[in-house]
There are 2 protein chains.
Amino acid sequence: MKTSGYLRDVNYKEAREEFIQTWGSLGSTWGVNKTMAQIHAYLLSSDELVTTDQMMEDLQISRGNANMNVRTLVDWGLAYKQSKAGERMDYYAADKDVHSFAPKIARERRKRELEPAMRALSRLKGMELEGKEGKSFQKLVKELDDFTSLGDQFLRRYIEGERGWLTKLFMRMLK
Amino acid sequence: MKTSGYLRDVNYKEAREEFIQTWGSLGSTWGVNKTMAQIHAYLLSSDELVTTDQMMEDLQISRGNANMNVRTLVDWGLAYKQSKAGERMDYYAADKDVHSFAPKIARERRKRELEPAMRALSRLKGMELEGKEGKSFQKLVKELDDFTSLGDQFLRRYIEGERGWLTKLFMRMLK
DNA sequence: AATTATTTTCAGAAAATATTGAAAGTATGA
DNA sequence: TCATACTTTCAATATTTTCTGAAAATAATT
């Protein structure tokens with residue numbers, strides 16, 4: 001028989017390892033640091049609750065790094081801390097449902113990437129500028145502001161909206 | 001009279017300066033380096049064609065930096081090189097229309113941020129894993145793949161689609 | 001209350017990323 | 001074809017970001 005216990009175990013481990021590494025390096029391009037993305041992938045792909053020590057061991061990272069990044073995951077609502085009865089150590093698990101955790105990521109990215117831009121634009125929009133240059137600058141600011149506001153409304157709906165909303169919108173869109 | 005020539009000129013310059021600085025620091029959170037975002041903001045807020053030397057002077061950056069980042073802007077289609085008749089220096093200007101340049105940014109970000117994730121997921125989806133862990137891993141991969149594919153279809157429409165598409169979709173969405 | 005287990009913090013080290021500036025490359029035109 | 005004006009490249013440097021590890025803090029146990 002080809003798929004011995006040994007072989008299939010290695011397969012799963014390899015697939016998981018690839019997933020974790022890929023997610024980690026993609027994390028950087030998404031404005032999330034490598035370790036945080038790796039821990040997220042690690043928790044997503046784990047059936048069991050895991051401790052900080054297991055993360056340190058499997059991802060080869062320091063205690064401080066593990067602690068800091070798992071905490072951020074918890075802050076974002078992407079992971080949860082759990083206690084096992086009779087044990088002192090903290091265990092962690094991820095929210096596994098993409099339709100539940102993706103909006104949480106969207107919420108954080110909106111906060112970091114969109115809100116400051118909107119604040120800046122609304123400050124600039126409030127200025128009364130004169131002259132040819134001033135006028136076209138104001139036009140630019142207004143257009144950027146309209147555009148980001150549209151994006152913001154969309155994101156808010158997604159973040160706060162009911163589960164199927166995005167999928168429904170896509171269905172309508174494709175028709 | 002309150003708005004003397006001097007005053008309103010300073011006003012415009014200050015507003016523009018604030019715009020450039022803000023866009024620059026936001027750039028970092030958007031995966032675009034500070035200088036590139038600053039040059040983009042500088043060109044967006046300029047009525048005239050500008051040379052590399054003007055950028056160097058006004059943004060206080062080196063020639064290499066200016067050259068490299070303005071080239072990337074041109075590569076992305078966010079800026080254009082123009083020659084003035086009888087002059088040797090290269091002049092640059094930005095695409096000022098947000099409904100024209102935003103999809104170009106979306107295109108580049110899709111390429112960098114979404115495509116590699118989709119490639120990784122489709123590679124992982126192709127694996128036949130056994131055991132309880134393997135099965136739930138495959139479920140995870142499938143869900144992530146469905147989700148990213150949906151996002152990809154959406155982005156493609158936006159990137160390739162006609163001008164008003166996004167706004168129309170939003171209108172429908174708000175109803 | 002003292003000991004032990006566990007988590008958190010944070011200054012400094014390391015890694016990743018961006019920028020400089022001078023040298024090499026190209027195009028123009030005298 | 002040589003000189004000049006301008007652009008591009010890239011090794012060295014600077015800056016920013018992330019990570020480490022040991023010390024401090026907190027919590028549980030005896």
Side-chain angles (χ1 to χ4, degrees), chain A residues 20-21 23-43 49-76 79-93 108-109 112-113, chain B residues 20-21 23-43 49-76 79-93 108 112-113 116:
Chain A
I20 291 169
Q21 290 308 322
W23 235 239
S25 61
L26 280 170
S28 323
T29 77
W30 299 338
V32 164
N33 79 45
K34 195 178 86 178
T35 306
M36 181 168 157
Q38 282 185 337
I39 296 179
H40 191 210
Y42 180 75
L43 293 175
L49 297 174
V50 302
T51 64
T52 304
D53 291 75
Q54 286 173 291
M55 294 173 207
M56 290 167 59
E57 165 80 11
D58 288 343
L59 304 177
Q60 291 293 310
I61 56 175
S62 70
R63 185 169 300 285
N65 197 11
N67 182 267
M68 175 134 102
N69 284 295
V70 85
R71 180 149 55 80
T72 307
L73 286 170
V74 171
D75 287 346
W76 286 29
Y80 304 100
K81 194 190 277 197
Q82 297 217 317
S83 311
K84 272 194 180 175
E87 296 205 37
R88 278 164 79 161
M89 257 191 204
D90 287 341
Y91 286 82
Y92 295 92
E108 296 301 324
R109 295 192 65 170
R112 286 205 312 189
E113 301 180 24
Chain B
I20 291 169
Q21 291 307 323
W23 234 239
S25 62
L26 281 170
S28 323
T29 78
W30 300 338
V32 163
N33 80 44
K34 194 177 87 179
T35 306
M36 182 168 154
Q38 283 185 338
I39 296 178
H40 191 210
Y42 180 75
L43 292 176
L49 297 174
V50 301
T51 64
T52 303
D53 290 75
Q54 287 173 289
M55 294 174 207
M56 291 168 59
E57 164 80 10
D58 288 343
L59 304 177
Q60 290 293 311
I61 55 174
S62 71
R63 184 170 299 285
N65 198 10
N67 182 267
M68 174 135 103
N69 284 294
V70 85
R71 180 151 54 80
T72 306
L73 286 170
V74 171
D75 288 345
W76 286 28
Y80 304 100
K81 194 190 275 197
Q82 298 218 318
S83 312
K84 273 194 181 176
E87 296 204 38
R88 277 164 82 160
M89 257 192 207
D90 287 340
Y91 286 82
Y92 296 91
E108 296 302 323
R112 287 204 311 187
E113 301 181 23

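Nothing here was measured: the structure is a model prediction, and the numbers come from that model. To find a chain, count down the sequence lines: A is the first, B the second, and so on, and within it residues start at 1.
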Toward the 5' end of DNA chain C, which comes first, A/Ser28 or A/Met89, by nearest nucleotide? A/Met89

Earlier contact from the 5' end, DNA chain C, for A/Tyr91 and A/Asn65: A/Tyr91

Hey, does B/Arg63 reach any base, or is it just sugar-phosphate, or nothing, if we go heavy atoms under 4.0 Å? base

Please report the distance, rounded to the nearest Å, between [atom1] in [X] and [atom2] in [N].
{"X": "B/Asp53", "N": "C/dG21", "atom1": "CG", "atom2": "P", "answer": "14 Å"}
{"X": "B/Asp90", "N": "C/dT26", "atom1": "CG", "atom2": "P", "answer": "15 Å"}
{"X": "B/Arg88", "N": "C/dT28", "atom1": "CZ", "atom2": "P", "answer": "8 Å"}
{"X": "A/Met55", "N": "C/dT6", "atom1": "CE", "atom2": "C1'", "answer": "14 Å"}
{"X": "B/Asn67", "N": "C/dA24", "atom1": "CG", "atom2": "C1'", "answer": "13 Å"}
{"X": "B/Arg71", "N": "C/dT19", "atom1": "CZ", "atom2": "P", "answer": "15 Å"}
{"X": "B/Met68", "N": "C/dT19", "atom1": "CE", "atom2": "C1'", "answer": "8 Å"}

I need the minimum non-hydrogen distance between [X] and [Y], along with the two atoms involved.
{"X": "B/Asn33", "Y": "B/Thr35", "value": "OD1-N, 3.1 Å"}
{"X": "A/Glu113", "Y": "B/Leu26", "value": "O-CD2, 4.3 Å"}
{"X": "A/Glu87", "Y": "A/Tyr91", "value": "OE1-OH, 2.8 Å"}
{"X": "A/Ala37", "Y": "A/Gly24", "value": "CB-CA, 3.9 Å"}
{"X": "A/Met55", "Y": "A/Val50", "value": "CE-CG2, 3.9 Å"}

Side chain of B/Ser62 only, heavy atoms from C-beta on: which candidate in C/dG21, C/dT6, C/dT9 is closest? C/dG21

Check whether any side-chain heavy atom of A/Met36 lies under 4.5 Å from a side-chain heavy atom of A/Met68, and answer yes or no. no

Straight-line distance of B/Met89 CE to B/Gln82 CD, nearest 0.5 Å: 16.0 Å

Residue mapping more 5' on DNA chain D - nearest nucleotide basis, B/Val70 or A/Lys34: B/Val70

Most 5' of A/Ile61 and B/Tyr92 on DNA chain D, judged by nearest nucleotide: B/Tyr92

First and last nucleotide of DNA chain D, 5' to 3', lying under 4.0 Å from heavy atoms of chain A: D/dT18 to D/dT29

Does a nitrogen or oxygen in the side chain of B/Thr35 sit under 4.0 Å from OP1 or OP2 of C/dT19? yes

Just to confirm, is there a sub-4.0 Å distance from OP1 or OP2 of C/dT19 to any side-chain nitrogen or oxygen of B/Asn33? yes

